[in-house]
S.K.: 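Below: one structure in C-alpha coordinates.
Numbers here are sequence positions counted from 1.
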Amino acid sequence: MKIVLHGKNKLGFVLGIYRKEMYGVSLHELCDRHNAIVLAWIMNTIYPSLISTVIYASNAYKVWEELRERFDKVNASKACYLHKKIATLVKGVSSVSVYFSRLCELWDEYETLAPPSYCGCPKSRKHAEQYQLQKLYQFLFGLNESYENAKNQVLTIRPLPNINQSYSMIVNVESQRKIGGGNTISVGTENGEHVSLLSNK
(Lines give C-alpha, C1' and ligand atoms only; values in the text may rest on other atoms or scores of the structure.)
Protein backbone atom coordinates (compact mmCIF):
# COMPACT_ATOMS: atom_id res chain seq x y z
CA MET A 1 0.00 0.00 0.00
CA LYS A 2 2.85 2.38 0.84
CA ILE A 3 4.47 1.67 -2.51
CA VAL A 4 1.25 2.53 -4.36
CA LEU A 5 0.71 5.70 -2.34
CA HIS A 6 4.30 6.78 -2.87
CA GLY A 7 4.01 6.12 -6.59
CA LYS A 8 0.87 8.27 -6.73
CA ASN A 9 2.57 11.00 -4.66
CA LYS A 10 -0.02 10.59 -1.90
CA LEU A 11 1.95 8.87 0.85
CA GLY A 12 2.03 12.13 2.80
CA PHE A 13 -1.73 11.91 3.33
CA VAL A 14 -1.39 8.82 5.54
CA LEU A 15 1.84 9.96 7.19
CA GLY A 16 0.33 13.26 8.28
CA ILE A 17 2.63 15.33 6.09
CA TYR A 18 -0.15 16.73 3.88
CA ARG A 19 -2.75 18.14 6.26
CA LYS A 20 -5.46 20.46 5.08
CA GLU A 21 -4.86 22.95 7.88
CA MET A 22 -1.30 23.45 6.63
CA TYR A 23 -2.55 25.07 3.41
CA GLY A 24 -4.59 28.08 2.46
CA VAL A 25 -8.36 27.93 2.02
CA SER A 26 -7.99 27.90 -1.75
CA LEU A 27 -6.36 24.45 -1.55
CA HIS A 28 -8.78 22.89 0.94
CA GLU A 29 -11.05 21.42 -1.71
CA LEU A 30 -8.07 19.85 -3.51
CA CYS A 31 -6.83 18.37 -0.22
CA ASP A 32 -10.29 16.95 0.51
CA ARG A 33 -10.40 15.36 -2.94
CA HIS A 34 -7.00 13.68 -2.54
CA ASN A 35 -7.90 12.61 1.00
CA ALA A 36 -11.07 10.96 -0.33
CA ILE A 37 -9.08 9.11 -3.01
CA VAL A 38 -6.65 7.74 -0.41
CA LEU A 39 -9.53 6.72 1.86
CA ALA A 40 -11.13 4.83 -1.02
CA TRP A 41 -7.86 3.01 -1.73
CA ILE A 42 -7.55 1.99 1.92
CA MET A 43 -11.13 0.73 2.04
CA ASN A 44 -10.62 -1.28 -1.14
CA THR A 45 -7.46 -2.85 0.31
CA ILE A 46 -8.41 -3.92 3.84
CA TYR A 47 -10.37 -7.05 4.71
CA PRO A 48 -14.15 -6.71 4.24
CA SER A 49 -14.66 -7.45 7.93
CA LEU A 50 -12.81 -4.21 8.76
CA ILE A 51 -14.82 -1.96 6.46
CA SER A 52 -17.40 -1.22 9.15
CA THR A 53 -14.68 0.29 11.35
CA VAL A 54 -13.63 2.87 8.76
CA ILE A 55 -16.70 3.36 6.57
CA TYR A 56 -17.67 6.64 8.23
CA ALA A 57 -14.11 7.98 8.52
CA SER A 58 -13.25 11.26 6.84
CA ASN A 59 -9.51 11.53 7.48
CA ALA A 60 -7.07 9.16 5.77
CA TYR A 61 -4.29 9.91 8.27
CA LYS A 62 -6.46 9.02 11.28
CA VAL A 63 -7.65 5.80 9.63
CA TRP A 64 -4.08 4.82 8.79
CA GLU A 65 -2.91 5.52 12.34
CA GLU A 66 -5.80 3.58 13.85
CA LEU A 67 -5.10 0.55 11.66
CA ARG A 68 -1.39 0.79 12.40
CA GLU A 69 -1.98 0.89 16.16
CA ARG A 70 -4.31 -2.09 15.98
CA PHE A 71 -2.26 -4.35 13.74
CA ASP A 72 1.39 -3.33 14.09
CA LYS A 73 1.44 -5.08 17.45
CA VAL A 74 1.65 -8.44 15.69
CA ASN A 75 4.86 -7.44 13.90
CA ALA A 76 7.19 -8.81 16.60
CA SER A 77 5.66 -12.29 16.55
CA LYS A 78 5.49 -12.25 12.74
CA ALA A 79 9.15 -11.21 12.51
CA CYS A 80 10.09 -14.01 14.92
CA TYR A 81 8.18 -16.52 12.81
CA LEU A 82 9.88 -15.33 9.60
CA HIS A 83 13.29 -15.42 11.28
CA LYS A 84 12.69 -19.06 12.19
CA LYS A 85 11.49 -19.92 8.67
CA ILE A 86 14.59 -18.32 7.15
CA ALA A 87 16.93 -20.11 9.59
CA THR A 88 15.37 -23.53 8.95
CA LEU A 89 14.70 -23.35 5.21
CA VAL A 90 16.68 -25.90 3.22
CA LYS A 91 16.78 -26.84 -0.44
CA GLY A 92 15.59 -30.40 0.06
CA VAL A 93 14.20 -31.88 -3.17
CA SER A 94 13.48 -28.46 -4.66
CA SER A 95 15.59 -26.98 -7.43
CA VAL A 96 18.17 -24.37 -6.51
CA SER A 97 16.02 -21.77 -8.27
CA VAL A 98 12.90 -22.59 -6.24
CA TYR A 99 14.87 -22.72 -2.99
CA PHE A 100 16.56 -19.37 -3.65
CA SER A 101 13.29 -17.70 -4.71
CA ARG A 102 11.59 -18.84 -1.52
CA LEU A 103 14.51 -17.56 0.54
CA CYS A 104 14.34 -14.16 -1.20
CA GLU A 105 10.59 -13.96 -0.53
CA LEU A 106 11.16 -14.58 3.17
CA TRP A 107 13.98 -12.02 3.31
CA ASP A 108 11.80 -9.41 1.60
CA GLU A 109 8.86 -10.07 3.91
CA TYR A 110 11.12 -9.91 6.97
CA GLU A 111 12.62 -6.61 5.83
CA THR A 112 9.17 -5.01 5.51
CA LEU A 113 8.72 -5.66 9.24
CA ALA A 114 12.28 -4.90 10.29
CA PRO A 115 13.86 -2.78 7.54
CA PRO A 116 17.66 -2.58 7.79
CA SER A 117 18.79 0.96 8.57
CA TYR A 118 21.24 2.59 6.19
CA CYS A 119 22.51 6.17 6.38
CA GLY A 120 25.59 5.91 4.18
CA CYS A 121 28.12 6.33 6.99
CA PRO A 122 31.05 3.85 7.30
CA LYS A 123 29.45 2.07 10.27
CA SER A 124 26.18 1.69 8.39
CA ARG A 125 27.96 0.39 5.29
CA LYS A 126 29.79 -2.16 7.42
CA HIS A 127 26.50 -3.29 8.93
CA ALA A 128 24.96 -3.63 5.45
CA GLU A 129 27.92 -5.72 4.30
CA GLN A 130 27.58 -8.03 7.30
CA TYR A 131 23.85 -8.38 6.63
CA GLN A 132 24.51 -9.42 3.03
CA LEU A 133 27.19 -11.83 4.26
CA GLN A 134 24.65 -13.45 6.58
CA LYS A 135 22.33 -13.92 3.60
CA LEU A 136 25.13 -15.62 1.67
CA TYR A 137 25.87 -17.98 4.57
CA GLN A 138 22.17 -18.79 4.97
CA PHE A 139 21.81 -19.60 1.27
CA LEU A 140 24.85 -21.88 1.30
CA PHE A 141 23.88 -23.48 4.62
CA GLY A 142 20.50 -24.58 3.24
CA LEU A 143 21.98 -26.45 0.28
CA ASN A 144 22.14 -30.25 0.33
CA GLU A 145 25.31 -32.12 1.29
CA SER A 146 25.85 -32.98 -2.37
CA TYR A 147 26.79 -29.31 -2.90
CA GLU A 148 29.44 -29.37 -0.15
CA ASN A 149 32.40 -29.09 -2.53
CA ALA A 150 30.73 -26.30 -4.49
CA LYS A 151 29.95 -24.41 -1.26
CA ASN A 152 33.54 -24.72 -0.08
CA GLN A 153 34.82 -23.46 -3.41
CA VAL A 154 32.53 -20.42 -3.23
CA LEU A 155 33.77 -19.65 0.28
CA THR A 156 37.41 -19.76 -0.81
CA ILE A 157 36.95 -16.97 -3.36
CA ARG A 158 38.42 -13.63 -2.27
CA PRO A 159 36.72 -11.29 -2.11
CA LEU A 160 33.66 -13.38 -1.37
CA PRO A 161 31.05 -13.27 -4.15
CA ASN A 162 27.74 -11.63 -3.33
CA ILE A 163 24.54 -13.61 -2.95
CA ASN A 164 23.50 -13.31 -6.60
CA GLN A 165 26.93 -14.34 -7.89
CA SER A 166 26.95 -17.31 -5.53
CA TYR A 167 23.49 -18.32 -6.69
CA SER A 168 24.68 -18.23 -10.30
CA MET A 169 27.64 -20.45 -9.45
CA ILE A 170 25.53 -23.03 -7.65
CA VAL A 171 22.94 -23.05 -10.45
CA ASN A 172 25.78 -23.78 -12.88
CA VAL A 173 26.70 -26.82 -10.80
CA GLU A 174 23.08 -27.98 -10.79
CA SER A 175 22.74 -27.47 -14.55
CA GLN A 176 25.96 -29.37 -15.25
CA ARG A 177 24.66 -32.33 -13.25
CA LYS A 178 21.36 -32.33 -15.13
CA ILE A 179 22.95 -32.41 -18.57
CA GLY A 180 25.51 -35.00 -17.45
CA GLY A 181 28.50 -32.94 -18.48
CA GLY A 182 31.95 -32.99 -16.97
CA ASN A 183 32.63 -33.02 -13.26
CA THR A 184 34.31 -29.62 -13.23
CA ILE A 185 32.78 -26.23 -13.89
CA SER A 186 34.92 -23.13 -14.36
CA VAL A 187 33.30 -20.03 -12.90
CA GLY A 188 34.61 -16.53 -13.49
CA THR A 189 35.09 -14.19 -10.55
CA GLU A 190 35.02 -10.41 -10.49
CA ASN A 191 38.79 -10.05 -10.58
CA GLY A 192 39.10 -12.23 -13.69
CA GLU A 193 40.30 -15.39 -11.96
CA HIS A 194 38.59 -18.73 -12.47
CA VAL A 195 37.57 -21.17 -9.79
CA SER A 196 36.75 -24.82 -10.42
CA LEU A 197 33.50 -25.88 -8.80
CA LEU A 198 33.58 -29.65 -8.39
CA SER A 199 30.35 -31.61 -8.26
CA ASN A 200 29.90 -34.75 -6.16
CA LYS A 201 28.36 -36.68 -9.04
Side-chain angles (χ1 to χ4, degrees), residues 1-19 22 61 64-65 67-69 71-91 94 96-145 147-174 185-198:
M1 187 66 179
K2 279 186 174 181
I3 293 173
V4 173
L5 290 171
H6 183 65
K8 297 290 186 179
N9 199 28
K10 290 179 173 57
L11 185 59
F13 284 94
V14 298
L15 298 181
I17 299 173
Y18 305 149
R19 300 189 185 186
M22 298 169 58
Y61 170 68
W64 186 271
E65 281 299 295
L67 292 172
R68 185 183 62 79
E69 289 175 3
F71 297 104
D72 260 9
K73 292 179 174 61
V74 302
N75 280 0
S77 59
K78 179 68 173 177
C80 183
Y81 167 77
L82 290 171
H83 187 74
K84 179 181 178 181
K85 290 285 288 183
I86 291 170
T88 57
L89 184 68
V90 294
K91 176 185 175 294
S94 302
V96 173
S97 175
V98 170
Y99 161 62
F100 183 70
S101 295
R102 179 57 181 148
L103 200 52
C104 287
E105 289 174 7
L106 290 170
W107 282 330
D108 290 343
E109 190 174 357
Y110 180 80
E111 288 171 11
T112 61
L113 299 176
S117 59
Y118 183 75
C119 64
C121 66
K123 187 175 181 180
S124 181
R125 284 198 298 270
K126 185 68 175 177
H127 178 75
E129 290 171 4
Q130 288 298 318
Y131 182 63
Q132 293 303 316
L133 195 58
Q134 288 175 12
K135 284 186 173 184
L136 172 61
Y137 292 157
Q138 180 58 51
F139 167 65
L140 295 175
F141 173 78
L143 293 170
N144 300 346
E145 288 185 4
Y147 289 87
E148 199 65 30
N149 286 341
K151 289 190 289 185
N152 290 335
Q153 290 289 342
V154 169
L155 292 171
T156 60
I157 299 174
R158 290 295 182 273
L160 278 172
N162 63 36
I163 184 70
N164 291 323
Q165 293 167 335
S166 300
Y167 164 73
S168 178
M169 294 175 188
I170 299 299
V171 164
N172 282 341
V173 172
E174 181 184 54
I185 303 170
S186 183
V187 181
T189 62
E190 285 186 330
N191 58 12
E193 297 177 10
H194 285 77
V195 177
S196 296
L197 295 181
L198 305 177

S.K.: Identify the heavy atoms of L160 and V154 that sit nearest to each other, and give their distance.
M.R.: CD2-O, 3.7 Å
S.K.: Please list, chain by chain and in numerical order, all residues satisfying side-chain contact (heavy atoms from CB on, under 4.5 Å) with Y81, sequence neighbours excluded.
M.R.: K78, K85
S.K.: Within a strict 4.5 Å, meaning less than it, do heavy atoms of the Q132 and K135 side chains meet?
M.R.: yes
S.K.: Output the distance between atom OH (Y167) and atom CG (N162), rounded to the nearest 0.5 Å.
M.R.: 13.5 Å
S.K.: Return the OH to CD1 distance between Y61 and I17, rounded to the nearest 0.5 Å.
M.R.: 10.0 Å
S.K.: Within this structure, what is the CZ-CG distance for the pair F100 and N164, rounded to the nearest 0.5 Å?
M.R.: 5.0 Å
S.K.: Any heavy-atom pair between the side chains of L106 and R102 that's under 4.5 Å?
M.R.: yes
S.K.: Distance check, rounded to the nearest 0.5 Å: W107 atom CH2 versus I163 atom CD1?
M.R.: 4.0 Å
S.K.: If we only count heavy atoms from C-beta on, is the Y147 to E174 side-chain gap below 4.5 Å?
M.R.: yes
S.K.: If you measure from CG on L136 to CD on Q165, what distance do you get to the nearest 0.5 Å?
M.R.: 10.0 Å
S.K.: Give the intermediate values and the outcome of ring-ring contact (aromatic ring centres under 6.0 Å, His included) for residues Y99 and F139.
M.R.: CA-CA 9 Å; Y99 161 62; F139 167 65; 5.7 Å; yes
S.K.: Identify the heavy atoms of L103 and Q138 that sit nearest to each other, and give their distance.
M.R.: CD1-CG, 4.2 Å
S.K.: Spell out, as yes or no, whether a donor-acceptor pair under 3.5 Å connects the side chain of T156 to the backbone of Q153.
M.R.: yes
S.K.: Let me confirm one number: the NZ-CE distance from K151 to M169, rounded to the nearest 0.5 Å.
M.R.: 15.5 Å
